[in-house]
4 protein chains.
Amino acid sequence: MPRKPQQARSRQTYDAIIQAAYIAIAKNGSESTTTRQIAEIAGIGVGSLYEYFENKQAILDALIEHFAQAIAAHVKALTPSLVRIPLTDAVYELTLKFAEFLKANDEQYLKCARSLMLHDNHTLLSPVYRALGELFTKHAIAHPEQLQLKNLPTVAYIFINSGVYSMTRYLSHPNPAFSFEELAQVLANMAGHYVAMELKAD
Amino acid sequence: MPRKPQQARSRQTYDAIIQAAYIAIAKNGSESTTTRQIAEIAGIGVGSLYEYFENKQAILDALIEHFAQAIAAHVKALTPSLVRIPLTDAVYELTLKFAEFLKANDEQYLKCARSLMLHDNHTLLSPVYRALGELFTKHAIAHPEQLQLKNLPTVAYIFINSGVYSMTRYLSHPNPAFSFEELAQVLANMAGHYVAMELKAD
Amino acid sequence: MPRKPQQARSRQTYDAIIQAAYIAIAKNGSESTTTRQIAEIAGIGVGSLYEYFENKQAILDALIEHFAQAIAAHVKALTPSLVRIPLTDAVYELTLKFAEFLKANDEQYLKCARSLMLHDNHTLLSPVYRALGELFTKHAIAHPEQLQLKNLPTVAYIFINSGVYSMTRYLSHPNPAFSFEELAQVLANMAGHYVAMELKAD
Amino acid sequence: MPRKPQQARSRQTYDAIIQAAYIAIAKNGSESTTTRQIAEIAGIGVGSLYEYFENKQAILDALIEHFAQAIAAHVKALTPSLVRIPLTDAVYELTLKFAEFLKANDEQYLKCARSLMLHDNHTLLSPVYRALGELFTKHAIAHPEQLQLKNLPTVAYIFINSGVYSMTRYLSHPNPAFSFEELAQVLANMAGHYVAMELKAD
DNA sequence: AATGAATGAGATTTCATTCAT
DNA sequence: TATGAATGAAATCTCATTCAT
């Protein structure tokens, strides 16, 4: 039964735990991360973890939520400028910016993403999908011809998954056979061409 | 000091262990699968596992290799018929056949795939990527205009990752918002449109 | 370094802790009761417990002493009226009154008794035995023929233990096979018959 | 998931664990006994406990069952000779023999009894109550006038509880004020007088 | 005097691996 | 070669107690 932090320093410890979890997971993967490691990195005693979290899983869940919020916030921040430009350019830009974001802090986010992405947290990751979906929708509204697209949700789903996964995988590949810009360009074209063709078809 | 099986009976036991590992992982995930479970399912003693494999990880590696070979074989078997038909149709067909393959045996392969992608061993999965790459290449040869495509490896890489991941994620989604055929169609169009547009551009 | 409470407010807190301990032990048993629970129920901080008590055991000891005093006081209050009536009636009455006492407050005392008898501290419970012994003695004085009884202390010891334990056990039995009145009657007759026969023998 | 012992030495280990639990509980009480202690006393690794028992509680349960069986067997062995003699003598004899039994092996059984008796194992201890009840019944059959007794089950219940608890408590008292023979005599008379008076009353 | 965040020793439990048979 | 009992390091989690505020 973790207590809700009541004093000022509590918040600090809570955040320290989440940050420590990021570092530990980036280093060892979520499955191999132990409570001791997290406590050590956070510079606190093991017992203190349980003042703030029910159990280990609760720490991971909080981290994922935090992560999802961070990504969603990043996407939202980019949204206004991206909706103004053509789809191809928007996807290209988003891809680059996203990669930059993932690679910050010694690739902490990237490493965590790889470890967490497949834990099927459909619910926990939903803010991300919502933010990306909204970006898609807003872009369509700003470019009304795109509203004609059939299967918009399906298309969004696939574009998003394709982009996120290709990027994540690329970034964690030790010796990629091509540059990241190339990848971004192909992703962008894939989206652009798809929309162009579909619209022409009608 | 495990030895590669040399006798017929040994080979049988070796295979039984791999099959048991499939079953256990499909049921509990790779992290929660224990050596005891594997031995029990395989119908042998725990100690015997170590006659055939150095350690637990070696079993998982062997399973992944086996899995990769199985997928590659499946792709290779489909290749001759797929290279003959237009790209869009080929992707559509491949997606459906692939899903069917993953869902066989009570979704054993699908469940394993989800659990194993976590450890995403680039080397172990390479036969799959090679087989899919070869399918791409052969298709291009059978439709020579596609050889003009810029960045063919990059494009292949992205198409493959996009397809595999979107599909895996879709299939493990409890309440998908659209049908699998829709997904396959969008993937197919994505590929078809991309190639069409790129070729026209030159 | 806890101090005995010297001010009125302190005394209140001290009592609140004891009461909280009663509640917690009745609910969870003495082994599962934590200092946090006690503090929470008492409406004070954990740290404050240690202003009043050396450690957790000291709280339990104080509770047992309090409990013993409460029981002793109850017995003493009944003594004057019980000494007047025949032994059989007195035992019957005492048994019923005692059970009533244990079952008050949602069986708080009963539940605590069951949990605390485990640690059966002969010294801590001695006030109870003293009060019951005194009741016995006074009854004998009021009925002088009983003073002839051999082994009076032994007899008292056995009657008391028999009564207390049979009653406690009965009251915590989920589906007793007979009524409490029956039990009280048999206990009463046991005492009455014993004394009658012993006196006749001389 | 403990395995049922399949090899010969398994039984040995199982028994060693139970014996170790007796020793540990006699020494520290059931609440303070740890799995490590048990393993150490048994001369095995901690992990081995879990080859034979689901968890710690399962060890205690097995011990209680073992204990109950041992007591019941002891009572059954005494039954044939006790049913032949008058009630008073039978109770006296039973008390002495029972005490002897409890004090064997450095009072191991006695100490365990004190620690376990109040854990309200109505179900686990039922073999004991059954054996004692049967002794009562057989005695009544051998002395048919006793069959006239009202409330036989209630009386048996009280006699048994009174005897067991008085004895246990006496034996664990550091400085008893009277001899054990006195106690046995009073218990015996209590039973004898009760029955005599009740039968005369009718 | 009062607090409650922090502590860390210690409890239970798991499981890959070994080794005597 | 095959076995499965035994192992013990290591993981998660609890909670009485302390101490800075």
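Note: hydrogens, waters and symmetry copies are ignored here, and every other heavy atom, side chains too, is used. For clarity, every value in this text was computed on a predicted model and none was experimentally measured. Naming: A, B, ... by sequence-line order, numbering from 1 per chain.
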Practice item. Go through the steps for B:Q108 and B:I23 under the test side-chain contact (heavy atoms from CB on, under 4.5 Å), then give the verdict. Key: CA-CA 7 Å; B:Q108 191 177 87; B:I23 295 167; 3.6 Å; yes

Review point. Looking at five pairs on each end of the helix from E:dA2-F:dT21 to E:dT21-F:dA2, what is the angle between the two axes, given to 10 degrees?
Key: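 Rounded value for the end-axis angle: 10°.
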
Mind calculating the distance between [atom1] ([X]) and [atom2] ([N]) to the nearest angstrom?
| X | N | atom1 | atom2 | answer |
| --- | --- | --- | --- | --- |
| B:Y14 | F:dT1 | OH | C1' | 18 Å |
| D:E40 | F:dA6 | CD | P | 17 Å |
| A:F53 | F:dT14 | CZ | P | 15 Å |
| C:I38 | E:dT3 | CD1 | P | 15 Å |
| C:E51 | F:dT18 | CD | C1' | 12 Å |
| C:Y52 | E:dT3 | OH | P | 8 Å |
| B:L60 | E:dT17 | CG | C1' | 15 Å |
| B:Q12 | F:dA2 | CD | C1' | 15 Å |

Check your understanding: Can you say whether the rings of C:Y22 and C:F67 are parallel (under 30°), tilted (30 to 60°) or perpendicular (over 60°)?
Key ->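 Plane angle over 60°, so perpendicular.
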
Exercise for review: Give the minimum heavy-atom separation between C:S32 and C:Q37, together with the two atoms involved.
Suggested key: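 Of all heavy-atom pairs spanning C:S32 and C:Q37, the closest is O-NE2, 3.5 Å.
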
Review point. Just how far is it from atom CD1 of C:I59 to atom OH of C:Y14, taken to the nearest 0.5 Å?
Key: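 If I round to the nearest 0.5 Å, the distance is 9.5 Å.
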
Review point. Hey, what do you get for CG (B:L49) to CD (B:E51), rounding to the nearest 0.5 Å?
Key: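 Taking CG in B:L49 and CD in B:E51, the distance rounds to 10.0 Å.
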
Review point. Quick one: does D:S115's side chain have a donor or acceptor within less than 3.5 Å of a partner on D:S30's backbone?
Key: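 Checked: pair present.
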
**Study point:** OP1 or OP2 of F:dT1 under 4.0 Å from side-chain N/O of B:S48
**Key:**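 So the side-chain polar atoms of B:S48 never come under 4.0 Å of the phosphate oxygens OP1 or OP2 of F:dT1.
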
Produce the list of close N/O pairs, under 3.5 Å, pairing protein atoms with atoms of nucleotides 11-13 of chain E; give distances to one decimal.
residue, atom, partner, partner atom, Å
E:dT12, OP1, D:K56, NZ, 2.9
E:dT12, OP2, D:T35, N, 2.8
E:dT12, OP2, D:T35, OG1, 2.7
E:dT13, OP2, D:Y50, OH, 2.8
E:dT13, OP2, D:K56, N, 2.9

**Study point:** Criterion side-chain contact (heavy atoms from CB on, under 4.5 Å) on B:I44 and B:I17, from CA distance to verdict
**Key:** CA-CA 9 Å; B:I44 60 172; B:I17 293 170; 3.9 Å; yes

Point to revise | Heavy-atom side-chain proximity of A:T33 to A:L60 below 4.5 angstrom | key: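 Result no, sub-4.5 Å side-chain heavy-atom pair not found.
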
Practice item. Just compare F:dT3, E:dA6, F:dT7 and give me whichever is closest to any side-chain atom of D:I44. Key: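 Nearest listed nucleotide: F:dT7.
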
Check your understanding: DNA chain E: C:G43 or D:G47, which has the more 5' nearest nucleotide?
Key ->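 The residue closer to the strand's 5' end, by nearest nucleotide, is C:G43.
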
Review point. When you match D:G45 and C:S32 each to their closest nucleotide on DNA chain F, which lands nearer the 5' end?
Key: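 With D:G45 and C:S32 compared, the 5'-side residue is D:G45.
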
Practice item. Applying side-chain contact (heavy atoms from CB on, under 4.5 Å) between B:H66 and each of B:D61, B:D15, B:I18, B:I71, report the one that passes. Key: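 Passing option: B:I18.
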
